[in-house]
2 protein chains.
Amino acid sequence: MRHVAALAGVGIKTVSRVINGEPNVSAATTAKVLAAARTLDYEPDLQAGNLRRADGRSRTLGLLVSSVDNPFAGSMHRAIEDAALERGVAVFASSLDDDPDREQQAVSTFLRRRVDGLILTTVSESQAYLAPELRRGTPVVFVDREPAGITSDSVVSDNAAGASAATRHLLERGHRRIAYLGDRPNIRTAQERRRGFFDELGAAGVPTRGIPVIEGLHDAESARHATLDLFRGDELPTAVFSSQNLVTIGVIRALRELGRHRDTALVGFDDVPLGDLLDPGITVIAQAPQDIGRIAAERIFARLDGDTSPATRTVVPTRLIERGSGEITPRPEG
Amino acid sequence: MRHVAALAGVGIKTVSRVINGEPNVSAATTAKVLAAARTLDYEPDLQAGNLRRADGRSRTLGLLVSSVDNPFAGSMHRAIEDAALERGVAVFASSLDDDPDREQQAVSTFLRRRVDGLILTTVSESQAYLAPELRRGTPVVFVDREPAGITSDSVVSDNAAGASAATRHLLERGHRRIAYLGDRPNIRTAQERRRGFFDELGAAGVPTRGIPVIEGLHDAESARHATLDLFRGDELPTAVFSSQNLVTIGVIRALRELGRHRDTALVGFDDVPLGDLLDPGITVIAQAPQDIGRIAAERIFARLDGDTSPATRTVVPTRLIERGSGEITPRPEG
DNA sequence: ATGAAAGCGCTAACAG
DNA sequence: CTGTTAGCGCTTTCAT
């Protein structure tokens, strides 16, 4: 900046004014400065500026997700990025791999970089460690999973209602032996889905004793194995509810291997890529990751713009998409 | 930091030493400082430190891809993030949507934030605008697409060889009327794939006059329409080569609608999610986005570590995965 | 082993 | 309209 000022033959502050488009600079001076900046390939240093700037904002956001390599996270990320771009805000992303230690480390890393806000899919038991930062005024929005041990804005799918809808869908088609294949039970989202499932069975008066429940599934392979095991017993389920997209994929693989994909109903929570092209098509409770991301970004920016109202909890509805697998009726013999 | 120093009753520099783990601080002092930092919830400001730090590094990388909401980009992103994490480097990601203006804007934004290096899937005709930055010593690695108008490290798939392999695969099964459905022809990657396709036809002595070629396809919908149009004519192709994953998806949809997915062969460039579960399974030329990302990150860090050897061009091999759609033989009548 | 002073590139506050 | 001075939070250099 000094160099530009020297080359343009003006004061350093004038350069600052031109770069930031502040008023009260003559057109001639502006032109001179711009020319000098161009010949020197000058790029202003945003970080240095933010050090002194009144609002102290870095125009930066931190996003923590299970993995950036995951369709759900990717959609959310994209929506957040688009909202951020409009405000000249850049986004850091970090993958957590369901590791609580990594969550705290990543949060700390972002805080050191003075992100203006944090959007996170938490994986730790409690996010109380964020309290001091929150008190300091850094907005934090929880997406997909609600916070524990702390109060802050959250944007989540209607997990219980979605799971209920899926279960009802299967019950209405006559299924009674519906297997529940779930994620790790310490994840609140998984608990909600489980609750929705059992509440609906209860409402229908279906005894839950005989219901096969397998939990702790975290990827397609473990879900595949669990499904294969499940079908080794007698009293086979006539339908499966899977609580997460990777689990759904594992179930699909297993049912195919067993040759049971045409006579066993399946409804999965969260959409599956190309689910409409499979045979049968996969009936799912689709979430709206784009909406979740967009709303989360809106919350962050509202907070940054001074909104100090109490923490909000936004529930984004899910949608049942019938594609075939969920409309299979029970085998006559059970 | 001043506050911490005051609370601990030491000089500000001592705090700096403790935080950065520098030697020559007594254990007692270290403990005092750490305690003070904890009670004040102190997080060092990385940006402020970098302002004065000798190497002037921000420990930050910029990644530019078509869209963070895209399986290929997601895999690459993840691999880069993992490599960066080991070195305490955070990653900014930005989606370009094939918009050259957006590319330059995003690059500029990242430069202003003083990223230590840039990894980009370029969409502009020429990247000559990066020359000054390159001269200044910022490493730039091009991924998936090679640079034009500038020389720098690049990591790309073997596009021509992959397309050749796909074409050979179809020729060997007796196909002669193979339709080519391609991306925008101004993309170098698309050109390479096209070249591989026609080279292989030429090598086999197949006349290229009658070969249906449709280009300029950028998403699944446009590809679907193009395929539907293609099958409205007479002299239907017996096989299709699609040059990109979204195009492949569009072709699959169209073939299904036409009821031709079992008698028309299809090989797609780039893998398709769940391609193994479709019926028929989708034969593809799979790329290795994780490898590309990993190698790109390695290049960046090697440059940052002082490697000044000439620009390298790393070609990552592709792999033909047979799943059924590519092994369909021509209809008897043609 | 510790601290004081200077300065990184910039913006804020206040002159001229 | 333009320039000067101070200082953001930290690291460097040099002294103690």
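What you are looking at is a predicted structure, and each value in this text was computed from that prediction instead of being measured.
Rounded to a whole Å, the CD1 atom of I19(B) is 12 Å from the C1' atom of dG9(D). Look at CZ on R52(B): it is 11 Å from P on dC14(D), rounded to the nearest Å. A straight line from CG of D55(A) to P of dT11(C) spans 12 Å, rounded to a whole angstrom. As a whole-Å value, the separation of R113(B) CZ from dC10(C) P is 15 Å. Between the CZ atom of R57(A) and the P atom of dA12(C) there is a distance of 14 Å, given to the nearest Å. The NZ atom of K13(A) sits 11 Å away from the C1' atom of dG3(D) (whole-angstrom rounding). Distance NZ (K32(B)) to P (dA1(C)): 15 Å, rounded to an integer number of Å.
At distances below 3.5 Å, not a single donor-acceptor pair connects side-chain atoms of S124(A) with backbone N or O atoms of Q127(A).
Distances from the side chain of L51(B) to the nucleotides dC8(C), dA13(C), dT12(D) place dC8(C) closest. Of the candidates dT2(C), dT2(D), dC10(C), the closest approach to any side-chain atom of S26(B) belongs to dT2(C). For V25(B), whose side chain is taken as the heavy atoms from C-beta onward, the closest listed nucleotide among dC10(C), dT11(C), dT2(C) is dT2(C).
For E81(A) and R102(B), the salt-bridge test passes: some basic side-chain N is under 4.0 Å from an acidic carboxylate O.
Between N50(A) and dC10(C) there is no side-chain N or O to OP1 or OP2 distance below 4.0 Å. The phosphate of dC10(C) has neither OP1 nor OP2 within less than 4.0 Å of any side-chain N or O from R2(A). Phosphate contact (OP1/OP2 of dT2(C), side-chain N/O of T29(B), threshold under 4.0 Å): present. Phosphate contact (OP1/OP2 of dA1(C), side-chain N/O of T14(B), threshold under 4.0 Å): absent. Note on S16(B): a side-chain N or O is less than 4.0 Å away from OP1 or OP2 of dT11(D).
Side-chain contact of T138(B) with E133(B): a donor-acceptor pair under 3.5 Å is present, judged by distance alone.
A side-chain contact (heavy atoms from CB on, under 4.5 Å) with L118(A) is found for one member of L130(A), V141(A), L61(A) and no other, namely L130(A).
At the heavy-atom level, D45(A) lies under 4.0 Å from the strands shown only through sugar-phosphate atoms. Note on P23(B): nothing from the nucleic acid sits closer than 4.0 angstrom, heavy atoms only.
DNA chain D is contacted by both M1(B) and I12(A); I12(A) maps to the nucleotide lying nearer its 5′ end (nearest heavy atom per residue).
Residues R294(A) and D82(A) fail the side-chain proximity criterion, which asks for heavy atoms closer than 4.5 Å.
For a distance-only test at 3.5 Å, the side chain of R17(A) qualifies as a donor-acceptor partner of the base of dG3(D).
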